[in-house]
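For reference, the structure discussed in these notes is given below.
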Amino acid sequence: MKKHNFYAGPSILSQFTLDKSVEAIRDFAGTGLSILEISHRSKEFQAVMDEAEQLFKELLDIPEGYRVIFLGGGASTQFCMVPYNLLNTKAAYLDTGTWANKAIKEAKLFGEVEVVGSSKADNYTYIPKGYAIPGDADYFHITTNNTIYGTEIREDYDVNVPLVADMSSDIFSRPVDVSKYALIYGGAQKNIAPAGVTFVIVKEDILGKVDRVIPTMLNYKTHVDKGSMFNTPPVFPIFAALQTLKWYKELGGVKVLQQMDEEKAAYLYDAIDSSKMFVGTVKPEDRSVMNICFVMKPEYQELEKAFLDFATSKGIVGIKGHRSVGGFRASTYNALPLESVKVLVEAMKEFENK
Ligand SMILES: *Cc1c(COP(=O)(O)O)cnc(C)c1O
């Protein structure tokens with residue numbers, strides 16, 4: 001049976017990415033060797049690295065003065081690399097959920113952290129607004145898409161200090177005005193590639209301003225200077241990422257992806273809003289287009305397990321909600337076809353009518 005993959009991460013990849021990856025595992029770029037067994041310093045892989053950076057820049061329209069680097073360690077390592085490299089005395093953070101909290105915890109190891117807004121008291125069902133950012137903060141950190149709670153900041157803030165964003169789970173879901181950010185990072189396993197590579201878009205002139213000594217591997221400058229080749233990069237995930245970027249370009253770029261994503265999300269949110277049985281968990285104006293969280297209304301709550309089983313019987317996988325929200329979470333990343341969302345909505349209606 002065809003599976004409809006709603007996993008939150010690692011998550012669905014395009015058929016194009018999978019096919020090209022399988023091909024390269026067998027024979028990479030006509031070398032007679034697998035992508036898994038070739039030197040990262042081979043000219044064939046260097047070409048992959050160069051093209052991945054170039055295409056990242058092209059798709060997101062990244063201005064001059066920024067570099068894109070590909071690292072190991074996941075977005076979680078960025079929670080520490082960001083303050084290591086950018087926090088001199090004080091940083092401001094927006095607390096929008098689990099991932100934001102993990103970033104805050106690491107930053108506190110390096111200096112003063114001012115949490116300027118938090119929606120914790122309401123279980124992170126909205127994005128805080130109307131707060132002030134201290135003008136003497138070295139940077140302001142946001143998590144644009146809260147993968148667990150299903151809220152999203154779908155605009156580029158104008159702020160008075162350098163802006164840093166974790167875009168792990170919504171990069172390439174809309175055009176981003178990169179010039180408004182000092183640094184953007186994310187794990188690739190939500191919207192780009194298999195797990196193992198982390199992208200960092202960094203404005204070069206924000207580096208080198210902290211007083212502390214930074215260990216070589218945790219220093220952005222190391223990787224910027226060596227074009228992500230200081231040590232062995234995650235060769236295969238970078239290859240797969242490049243295939244996804246090529247697929248994005250072929251589809252027509254981020255504006256087209258944005259339309260597709262918003263159409264899928266609207267389709268599912270409409271079904272949730274018109275349902276007698278299901279209800280969304282997030283304030284409508286802050287709803288994510290990537291991770292759609294919903295639960296059963298109190299009077300139906302005991303049917304949640306039955307619905308999960310019913311969905312499974314229809315080939316729908318990965319919709320169990322995160323334990324901190326419960327219920328259901330449908331991740332509708334770029335590679336997920338609208339058809340899968342329709343199958344889910346159909347299953348919801350059928351279950352409701354039973
Ligand atoms: C998944 C996720 C992370 C963690 O990524 P790792 O690569 O597993 O460290 C961080 N932030 C957000 C928003 C995420 O969705």
Side-chain angles (χ1 to χ4, degrees), residues 5-13 68-84 93-107 118-120 123-128 140-157 163-174 176 181 183-201 217-218 223 228 233-234 236-238 240-241 244 261 265 282 286-293 318-325 329-336:
N5 181 356
F6 290 90
Y7 275 115
S11 43
I12 187 166
L13 292 167
V68 181
I69 50 177
F70 299 99
L71 308 174
S76 299
T77 300
Q78 296 309 306
F79 297 161
C80 112
M81 269 177 89
V82 164
Y84 226 137
Y93 276 71
L94 192 63
D95 174 21
T96 52
T98 308
W99 298 116
N101 262 281
K102 291 189 175 182
I104 290 166
K105 179 169 174 251
E106 295 303 293
S118 172
S119 45
K120 185 174 183 183
N123 203 32
Y124 299 114
T125 48
Y126 68 96
I127 301 288
F140 175 47
H141 180 283
I142 57 174
T143 312
T144 52
N145 186 62
N146 298 282
T147 321
I148 292 175
Y149 296 92
T151 60
E152 186 177 13
I153 299 168
R154 242 179 129 64
E155 61 182 300
D156 303 307
Y157 287 161
L163 183 60
V164 174
D166 174 356
M167 293 198 186
S168 292
S169 51
D170 66 349
I171 189 82
F172 293 118
S173 73
R174 65 174 177 96
V176 170
Y181 299 82
L183 191 146
I184 298 170
Y185 65 87
Q189 70 272 23
K190 313 281 167 55
N191 233 355
I192 307 177
V197 63
T198 310
F199 67 86
V200 180
I201 303 167
M217 274 298 285
L218 296 180
H223 304 287
S228 307
F236 177 65
I238 292 171
T244 302
D261 290 335
V282 166
D286 293 326
R287 284 171 161 179
S288 168
V289 303
M290 299 269 92
N291 310 97
I292 297 167
C293 294
I319 59 160
K320 192 173 179 352
H322 190 274
R323 61 188 176 281
S324 24
V325 179
R329 169 178 54 177
S331 298
T332 52
Y333 296 124
N334 291 351
L336 184 89

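Order of appearance sets the numbers: ligands from 1, and atoms from 1 within every ligand.
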Shortest protein heavy-atom distance from atom 11 (N) of ligand 1, along with the residue and atom involved: D166 OD2, 2.6 Å
Any N/O pair K190/ligand 1 closer than 3.5 Å: yes
Near G74, which atoms of ligand 1 are under 4.0 Å from a heavy atom of that residue? 7 (O), 9 (O)
Does N145 reach ligand 1, in the sense of a heavy atom lying below 4.0 Å from it? yes
Donor-acceptor contact present, side-chain T244 to main-chain I192, <3.5 Å: yes
Please list, in number order, the atoms of ligand 1 under 4.0 Å from a heavy atom of S169. 15 (O)
Report yes or no: does T332 contribute a side-chain atom to a donor-acceptor pair with the main-chain N or O of V289 at less than 3.5 Å? yes
Residues M81, V200; criterion side-chain contact (heavy atoms from CB on, under 4.5 Å); working and verdict: CA-CA 11 Å; M81 269 177 89; V200 180; over 6 Å; no
With heavy-atom distances below 4.0 Å as the criterion, list the atoms of ligand 1 near F79. 10 (C)
Criterion side chain to side chain donor-acceptor pair (under 3.5 Å) against T151, the qualifying member of T96, N146, N291: N146
Looking only at protein heavy atoms, identify the closest one to atom 9 (O) of ligand 1 and say how far it is in Å. S76 OG, 2.6 Å
Within less than 4.0 angstrom of ligand 1, does Q189 place any heavy atom? yes
Main chain of N334, side chain of N191: is a donor-acceptor contact present, judged purely on distance under 3.5 Å? yes
In the protein, which heavy atom is nearest to atom 5 (O) of ligand 1, and how far is it? A75 CB, 3.5 Å
Could an N or O of ligand 1 be found under 3.5 Å from any N or O of G187, whether backbone or side chain? no
Below 30° counts as parallel, above 60° as perpendicular, anything between as tilted: where do the rings of Y185 and H141 land? tilted
I153 pairs by side-chain contact (heavy atoms from CB on, under 4.5 Å) with which of L94, D286, N145, D170? L94
Between M290 and the options S173, S168, S331, the side-chain contact (heavy atoms from CB on, under 4.5 Å) test singles out S173
Check: T147 N/O within less than 3.5 Å of ligand 1 N/O: yes
Test side-chain contact (heavy atoms from CB on, under 4.5 Å), reference Y149, set N123, T143, I127, output is N123
Pick one of side chain, backbone, both or neither for how S168 approaches ligand 1, counting any non-hydrogen atom pair under 4.0 Å. side chain
Atoms of ligand 1 less than 4.0 Å from T143 heavy atoms? 13 (C)
